[in-house]
Number of protein chains: 2
Amino acid sequence: MSSAAEFTDQEAEPGNTIDRAYPGGIPEATVARLPVYLRALYTLGERGVSTVASDELARAAGVNSAKLRKDLSHLGSYGIRGVGYDVEYLVYQVSRALGLTQRWPVVIVGAGNLGRALANYGGFLTRGFRIEAVLDTDASLLGRELGGVLIRHVSELERIVTENSIAIGVIAVPAGAAQAMCDRLVAAGVTSILNFAPLVLSVPEGVDVRKVDLSIELQILAFHAQRRNAERFGQAVDQAAAEA
Amino acid sequence: MSSAAEFTDQEAEPGNTIDRAYPGGIPEATVARLPVYLRALYTLGERGVSTVASDELARAAGVNSAKLRKDLSHLGSYGIRGVGYDVEYLVYQVSRALGLTQRWPVVIVGAGNLGRALANYGGFLTRGFRIEAVLDTDASLLGRELGGVLIRHVSELERIVTENSIAIGVIAVPAGAAQAMCDRLVAAGVTSILNFAPLVLSVPEGVDVRKVDLSIELQILAFHAQRRNAERFGQAVDQAAAEA
DNA sequence: TTATGTGAACTAATTCACAGCT
DNA sequence: AGCTGTGAATTAGTTCACATAA
């Protein structure tokens, strides 16, 4: 959380860089792709590339170059015509747009396999985020270390969230416990939740929930796989079963 | 994989139920929501609900009712005006549309925390999928059981994929190993890949890749969190840093 | 030259609002 | 009377194609 206090007067101040750079906000679809660009840029940077053209960056990110350029244009005009983009500078601008110039403290609720996988995700998670705590109810896990953080009891949830001004919580508990954990996170002040439990969480207005669902992704793959088969085999698959 | 062989003649056969039910295919956005509806339907069914109106189902799925009805209309006309939808029947129709009337054998590559989390995902994963094998290179893991399946060595990958006609593979290995594993899966005949490694996989035409990326979701949350803060604090956040 | 940035055209997705069926 | 199914209207997202700038 920022230390800034009350600037409500200059909301529409012209010349405010954010107003110029983000006229009417960045489209959701663009926001969802910025992290992909950011990762591609990091990879290029590590390889010593200092300048990259939209074609190349687009290939690395798995999109077409027109889309990439349009996306980046929503952040501002940070490329050089005839040349391309400066990798380091673009990393900075994309990071800034995503809000990653600060480091967000995160609490992970659930220290099962998934919680552990998250806590150990290391490399990429640590850019822009810091795991402040991992919580569980299982007494046998308490005190164990996970990704450099001790596993603590969920009874400490409220205190930890408040003391560290945690805005982002990750739910990695079984479906049955997820809504209760969500309610506690929200009550304690968390406004962004990443939900791995397979259910739709109810949250009050103003709380942002994103879900990651393993079985949903598999089911989408199954749909396309079936469709591919149907095409190959003349679409007669399941024909009999379809009526009634 | 189906046992059907060559039906290429009747591709455009009118009266084919799939042609009638899916005129011009189901929109991607709809496909991505069908699994959510399916889960909500299962939950309702377990509670003993036998009929559900679009409002109620939409609420359970976290979408609005117009969208739900439009989505379902792409599968066919399976509701009853003035009444609603029969839960059991709709479960069947959605399952069929998603290709879940068959059980897809799946191979998971990587038995680290994430692979283990997936293998133990149990309840929801098993509806429509069967984990045929979990593979790893780590000798200390081999022979251990995971979600009812033995962990085997990746050297068996090709044999296992071929013998079981596996069409869907899950990559849960570190980024450095992911592309190589992907190539081997594809060479062995896998055409659908769910990728948990934080990189963009290259695959030949005709192979379907979906990615699940923990850090991307967090970054999207950070964006919105930042934006919320900027609104509250008058959008002056990062103003100085923006120039140069 | 060469590659960005962007209006304009196009395509997809969402929402509205109500006709039509039970 | 009530709820589905869907054309029509709207909004969002993508792609094209080229003027513009280094």
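In what follows, chains are A, B, ... by sequence order, proteins preceding strands, each numbered from 1.
The side-chain hydrogen bond (donor to acceptor under 3.5 Å, both in side chains) search around B:Asn64 returns none, not counting sequence neighbours. Here B:Tyr37 pairs with B:Arg33, B:Asp71 under the side-chain hydrogen bond (donor to acceptor under 3.5 Å, both in side chains) rule; sequence neighbours left out. Residues passing the side-chain contact (heavy atoms from CB on, under 4.5 Å) test with A:Ala53, sequence neighbours excluded: none. Partners of A:Pro27 under the side-chain contact (heavy atoms from CB on, under 4.5 Å) rule, at least two apart in sequence or in another chain, are A:Thr30, A:His74. Checked against salt bridge (charged side-chain N to carboxylate O under 4.0 Å, His left out), B:Asp213 has the following partners two or more places apart in sequence or in another chain: A:Arg39. B:Ala60 is linked by a side-chain contact (heavy atoms from CB on, under 4.5 Å) to B:Ala40, counting only residues two or more places apart in sequence or in another chain. Partners of B:Arg210 according to the side-chain hydrogen bond (donor to acceptor under 3.5 Å, both in side chains) rule, which considers only residues two or more places apart in sequence or in another chain, are A:Glu217.
For A:Asp71 and D:dG13, the CG to C1' distance is 10 Å, given to the nearest whole Å. Residue B:Asp86 contributes atom CG, which lies 15 Å from atom C1' of D:dT4 at whole-angstrom precision. Taking atom OH of B:Tyr85 as the reference point, atom P of D:dG2 lies 18 Å away to the nearest angstrom. D:dA9 atom P lies 13 Å from atom NZ of B:Lys70, rounded to whole Å. Separating the NE2 atom of B:His74 from the C1' atom of D:dG5 is a distance of 11 Å, rounded to the nearest angstrom. If you take CD of B:Glu28 and P of D:dG13, they are 16 Å apart, rounded to a whole angstrom.
With no hydrogens or angles considered, a side-chain donor-acceptor pair links B:Arg228 and A:Ser192 at under 3.5 Å. Under 3.5 Å, the side chains of A:Gln93 and A:Tyr89 contain a donor-acceptor pair of N or O atoms. Defined by atom type and a distance below 3.5 Å, a donor-acceptor pair is missing between the side-chain atoms of A:Arg96 and A:Thr101.
Across residues 50-57 of chain B, B:Ala53, B:Ser54 each have a non-hydrogen atom less than 4.0 Å from an atom of DNA chain D (numbered order).
Checked by atom type and distance alone, the side chain of B:Trp104 never pairs as donor or acceptor with a backbone atom of A:Ala225 at under 3.5 Å.
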Using nucleotides 18-22 of chain D, report all nitrogen or oxygen pairs with the protein that are shorter than 3.5 Å.
{"unit_1": "D:dT20", "atom_1": "O2", "unit_2": "A:Arg81", "atom_2": "NH1", "d": "2.4"}

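Distances shorter than 4.0 Å separate some side-chain N or O of A:Asn64 from OP1 or OP2 on D:dT15.
Screening residues 48-57 of chain A for salt bridge (Lys or Arg N to Asp or Glu O under 4.0 Å), with sequence neighbours left out, gives no hits.
Bracketed by its first and final contacts, the part of DNA chain C lying under 4.0 Å from non-hydrogen atoms of chain B reaches from C:dA13 to C:dT22 in 5' to 3' order.
Between its two ends, the helix from C:dT1-D:dA22 to C:dT22-D:dA1 turns its axis by 10°, counting five pairs per end and rounding to 10 degrees.
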Where do B:Thr191 and B:Asp208 land on the side-chain contact (heavy atoms from CB on, under 4.5 Å) test, with the steps shown first? CA-CA 6 Å; B:Thr191 50; B:Asp208 189 11; over 6 Å; no
